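One structure below.
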Amino acid sequence: MPELGRAALLVTLGLSAYAVIAGAYAAHLGRRRLARSAQNALVASFVSTAVAAAVLVAALLRNDFSFEYVARTTSRALPTPYTLSAFWGGQEGSLLLWLLILTGFGAAAVSINRAWARDLIVWVVPVLAAVSTFFAFLLVAVASPFVTQAAPADGAGMTPSLQNPYMLAHPPLLYLGYVGLTVPFAFAMGALLSGKLDERWLIATRRWTLFAWAALGIGQLIGSHWAYVEVGWGGYYAWDPVENAALMPWLAATAFLHSVMIQEKRGMLKIWNVLLVVLAFSLALFGTFLTRSGVVNSIHSFTQSSIGPWFLGFIAVVVAVSLGVVLWRLPQLRSPTKLESAISREAAFLYNNLLLLALCLAILWGVVYPMLSEAVRGEAVVLGRSYYDFFLRAFGLPLLLLMGIGPLIAWRRASLKSLATTFRWPTVVALSTGAVLLLLGAGSSIPGLVAYTFSAFVLATIVMEFARGTRARKALGASSWPSAFTSLVSRNRRRYGGYVVHAAIVLFAIGVAGSSAFDSVAEAKLARGQSMRIGDYTLVYRSLSERQAPNATEIRATLGVRRGDRDLGTLEAGKNAYTIEQQVSNEVGIRSDKLTGEDLFVIAEQIDPNGTVYFRVFVKPLVNLIWLAGLVFLLGSVITLWPDRREQRRLVARASTVGLPATR
Amino acid sequence: MTLALVLAAALAVACVVVVALPFLREPEPESDSLDDLDADERRRLELLEARDRALAALRELEFDHRTGTVSDEDYRSQVGALRRDVASTLQALERDSGEGRPGDGRN
């Protein structure tokens, strides 16, 4: 039913365009019924987009190759989960997913807040609708997933590296993050356009921002794990432009989540916060542009298409209009409160913001420089790993340290004497850790040693904060230590959930430092029966086998693994030859040590017809802490996102005092 | 093809009805103006936000002092100003209430 899909998208375009025009007109002239009608149009656009999405899903599941998109991204041999994941595997489908999530989030955000912040919502609707109009237009006029053709006997199949379980979750999570950042942007613009610059836009968008940020963070970690196990070059992050595309809005959103606390607590940084929201959203659009325009030569840009100029034009309009509106409201955004001291929590958060932004902009420059150099000189000059590593160390290490310092300094101002007392124990722990590691030989990488020392400092401050807080709750009357701990976290979920997220970042930093600064590599061409050594490990190449999977021929080299005198069993590494796609992929062998977090990582780089194999082997200390960090990050995010009834009651009471409905 | 077109037409009609619903429900309303906050209500909302911000800051300082995150010296240098902030926002709200609580008659 491609006609139904096309018609549903046309309906979405009409509804979105109506919501923009009618919504803006109603907000400007104060027309109640028209404003409500525009809100209904936004909600209805979700339904029509869902119909279009259902048509595409049905076509994928039925292997209906009369849909050009289905024929291009799937084949009959493709397992069903990957057939479903083809929804976001190609350009048109992923744009449809963008629109589906956007209209869904828009409908939810409007429905949840339309009673509580109705004067704000009337301006939020046209902004949300403008974004969905752009995507609906692309899907109707430029990149339709419902183009039909005479059905071929079979489809072209899916890029082999995408045939991985992680790909079922990684792109949707990134899109939840990208699209989620539209909601704070729309509310910020709504607040600016309406002139209602009180706290409500921050309150209405707090959880949306947290959700989008958490989805982006977890999506990136899943993507890194996918790269680690599937792409098969021995790493998990290559500073690829499309990887950077997801990192940049995450960094901007991280800066916003910190600086928004300063606005909430001290009424400061209103201009900064609005600009960060605009930046995060623009970078989310830029990320989609990078992934989908084919403008960069990347393993992720599976498509070359004509949507690039449209995206660039839209990003330019978004940035220009947003900055224009911010300038227009500048007098209302100025805060009467000033920074009282350079040694205060708000100052520490400000330093954190500057470092995050500097890192974000350095990465942005690294991404756009090859494009600019190609446009100006006709030759793309790519900034390599050393460029990014330099800025990661220059800005990332101070950021790591600030993560321990910031939460322990008092708001407004702190005395040096107080700082000395507060940081005495964390400093002792950090210096002791550094000294021990130096004695153990970690001095071979100074950045790695510094990262470990700072990580120990931050972990010590986090443990200290939880311990002191629990003790204080116990003293305030909690019946037991567990109930004191529970009460501590539940009474201030953002603060203590934030500490859990900080602990995740520390684990991540330790994992990255261990696996990149202290890893080792060995290479050898082995015939059957020959062996190679790396560190304490000895690997013996035993056999080569070939087996047929539904969609690929799998060739595997089996290696016996010993560590010292201990037999650790066998490990398989090899290649998959995908028949339909006519591509070969590396299938790496990984042996994880659960106790130390270390991985033995084997790549069968080249398999000769006579059975000899060229192996590349890595030992990656602590790399599994990176994946553990993902679980801790998820826990911290859930704690911060969990609804806070006390805060809800306070907001309801505040709203009802001025006559707003007592619901959210 | 025909079924697809019928479904598409049904979808379009349903969406038009949903969009037109506010006008169908209230063809001739008493008032069609947006129920916006007036200047008094907005001022009161800002005062309430300032009060909540001051109270939260005082509560946090008290707790941080109790845990030891804020030293006695820093606590003493800040608590007076924060208490004055709370008192002044409460007084401002009281004055505002005395001038007549806005928002009566809202729904």
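Order of the sequence lines fixes the chain letters, A, B, ..., with proteins taken first and strands second; residue numbering starts at 1 for each chain. Values in this document were obtained by computation on a predicted structure and should not be read as measured data.
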message: Among residues at least two apart in sequence or on other chains, which ones pass side chain to side chain contact (heavy atoms under 4.5 Å, CB included) with A:D64?
response: A:A59, A:R62, A:S66, A:F67
Least distance between heavy atoms, [X] atom then [Y] atom:
| X | Y | value |
| --- | --- | --- |
| A:L15 | B:C15 | CD1-SG, 3.8 Å |
| A:R471 | B:T67 | NH2-O, 4.0 Å |
| B:E60 | A:R345 | OE2-NH1, 3.1 Å |
| B:V18 | A:A44 | CG1-CB, 4.3 Å |
| A:T422 | B:T69 | OG1-O, 3.8 Å |
| A:G195 | B:R42 | O-NH2, 3.3 Å |

task: Can you measure from OG (B:S71) to CG (A:L419) and round to the nearest 0.5 angstrom?
output: 8.5 Å
Structural part of [X] lying under 4.5 Å from a heavy atom of chain A:
| X | value |
| --- | --- |
| B:F63 | side chain |
| B:L82 | side chain |
| B:A56 | neither |
| B:D32 | both |
| B:S31 | backbone |
| B:V70 | side chain |

Only pairs of heavy atoms separated by less than 4.5 Å count here; which of [options] has the most with chain B?
| options | result |
| --- | --- |
| A:L476, A:L408, A:N492 | A:L476 |
| A:E264, A:M464, A:K196 | A:K196 |
| A:A472, A:A475, A:G30 | A:G30 |

If I measure from the heavy atoms of chain B, does [X] come under 4.5 Å with its side chain, its backbone, both, or neither?
| X | result |
| --- | --- |
| A:A19 | neither |
| A:L34 | both |
| A:A414 | both |
| A:Q263 | backbone |
| A:V122 | side chain |
| A:L197 | neither |

Could you tell me if the side chain of [Y] sits less than 4.5 Å from the side chain of [X], heavy atoms only?
| X | Y | answer |
| --- | --- | --- |
| B:L7 | A:E3 | no |
| A:W411 | B:L61 | no |
| B:R53 | A:R266 | no |

query: Does the pair A:K417 and B:E73 meet the rule for a side-chain contact (heavy atoms from CB on, under 4.5 Å), with working shown?
result: CA-CA 9 Å; A:K417 189 179 158 195; B:E73 185 190 344; 3.8 Å; yes
message: Which residues pass the salt bridge (charged side-chain N to carboxylate O under 4.0 Å, His left out) test with A:E465, not counting sequence neighbours?
response: A:R495
- request: Starting from the C-alpha separation in whole Å, work towards a yes-or-no answer on side-chain contact (heavy atoms from CB on, under 4.5 Å) for B:Q78 and A:R413.
  value: CA-CA 8 Å; B:Q78 291 189 32; A:R413 60 189 170 277; 4.1 Å; yes
Candidate list A:R36, A:R32, A:R33, test side-chain hydrogen bond (donor to acceptor under 3.5 Å, both in side chains), partner B:E26, passing option: A:R32
Please determine, among [options], the option with the most heavy-atom pairs under 4.5 Å with chain A.
| options | answer |
| --- | --- |
| B:A20, B:P29, B:A12, B:A9 | B:P29 |
| B:A81, B:A14, B:A54, B:S77 | B:S77 |
| B:R25, B:R66, B:E49 | B:E49 |

task: Just do the side-chain contact (heavy atoms from CB on, under 4.5 Å) check on A:R31 and B:L34 with the steps written out, would you?
output: CA-CA 6 Å; A:R31 300 280 166 80; B:L34 274 170; 6.0 Å; no
- prompt: Got a donor-acceptor contact below 3.5 angstrom from the A:S415 side chain to the B:D74 backbone?
  reply: no
